[in-house]
Amino acid sequence: MTDSPRILVAGSINTDLVMQVTAAPEAGETVTGQSFATFGGGKGANQAVSAARSGAQVAMLGGLGKDAFGQQRLLDLQHEGIATETVSVFDDLPSGVAIILVEPGGENRIAYVPGATWGVTPELATSAIERWNPDVILATLEHRPATLEALWREAAARDIPVICNATPEPADGRALALAASMLVVNEVEAAALLGRDLASGAWPDAARALRDLGPAVVVITTGSQGAVVASGDGTDVVPAPQVDAVDTTGAGDAFCGAFAAEVGRGRSPLDATRVGVIAGSISVTRRGAQPSMPLKREIDAKLRAD
Ligand code: RIB
């Protein structure tokens, strides 16, 4: 095992248009916001940045349009040392965009349009694995299902573990999520995959129930409470440190990138979850998705302090 594993991250690359509001509007209502900012985002790209800042060698499987947003997002990834040969630039598709409203306390509401992310074909997915030869694949459900199926197939043929962050809208990608080696979901996504409401406190049972459906490791991230991990070693609750959250956008992505880097290093699911929880807890203390992803040394310092 290497300290700097090779990770292929598959998912969206978006530009986040973020408004700070006192309270998000109801249907038909207009509210006056306090501030506006543009950040690099997209669950895939955020996770790639998190994994790279956690010390992994990262390549991104994604799509961008030939527009100003796309050019800027490509530069962002390259600036992080992320390999972008497997990012396709399409003439006829716009780059992905997310509209995000953030309330005091950091809670957010997000709507996004994948745009060029949906231009990534099954052939591009297969060739990305051939080119990058990853130790681990980390994928959201943001690419088209056929593209993800090709990614899963090629990974299985090469015995490469797939960590699936089953988001957004996990019910649509249920078969893919449950076919992954490791599954990471939040509480809402866990309930959607299990097809039932879950009371808070039911997360250990839910993680075990999801594990019974296929993945060898299941993590349910539980926001400010931390995470629950179920694996062949048992089920553990990993509490998060108390922090003052200003923006929770990308907290799950911070978790996934740092978690994947640790899995690639050969750490146990429990140890990888501990690191992921710290990464998420640092990210919520900063604004924006990609700018909030912590460095490995920040995570290590926090782990030593706790
Ligand atoms: O997970 C956060 C991300 O979700 C944002 O960066 C936004 O782009 C949306 O896709």
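Order of appearance sets the numbers: ligands from 1, and atoms from 1 within every ligand. Residue numbers count from 1 along this sequence.
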Exercise: do [X] and [Y] side chains pair donor with acceptor under 3.5 Å:
| X | Y | result |
| --- | --- | --- |
| Thr249 | Asp247 | yes |
| Thr126 | Glu154 | no |
| Asp253 | Ser50 | no |

Which atoms from ligand 1 have a heavy atom of [X] less than 4.0 Å away?
| X | answer |
| --- | --- |
| Ala289 | 6 (O) |
| Asp16 | 5 (C), 6 (O), 7 (C), 8 (O) |
| Gly41 | 6 (O), 8 (O) |
| Ala98 | 7 (C), 8 (O) |

Any heavy atom of Thr167 under 4.0 Å from ligand 1? The part involved is neither

Heavy atom of the protein closest to [atom] (residue, atom name, distance):
| atom | value |
| --- | --- |
| atom 4 (O) of ligand 1 | Lys43 NZ, 3.3 Å |
| atom 1 (O) of ligand 1 | Asp253 OD2, 2.7 Å |
| atom 10 (O) of ligand 1 | Asn14 ND2, 3.1 Å |

Under 4.0 Å, counting heavy atoms only: does Gly42 come that close to any atom of ligand 1? yes

To the nearest 0.5 Å, atom CG of Leu198 lies from atom CH2 of Trp203 at 5.0 Å

Quick one: do [X] and [Y] make a salt bridge, cutoff under 4.0 Å?
| X | Y | value |
| --- | --- | --- |
| Arg265 | Asp3 | yes |
| Asp76 | Arg73 | yes |
| Lys43 | Glu189 | no |

Got an N/O contact under 3.5 Å between Ser12 and ligand 1?
-> no

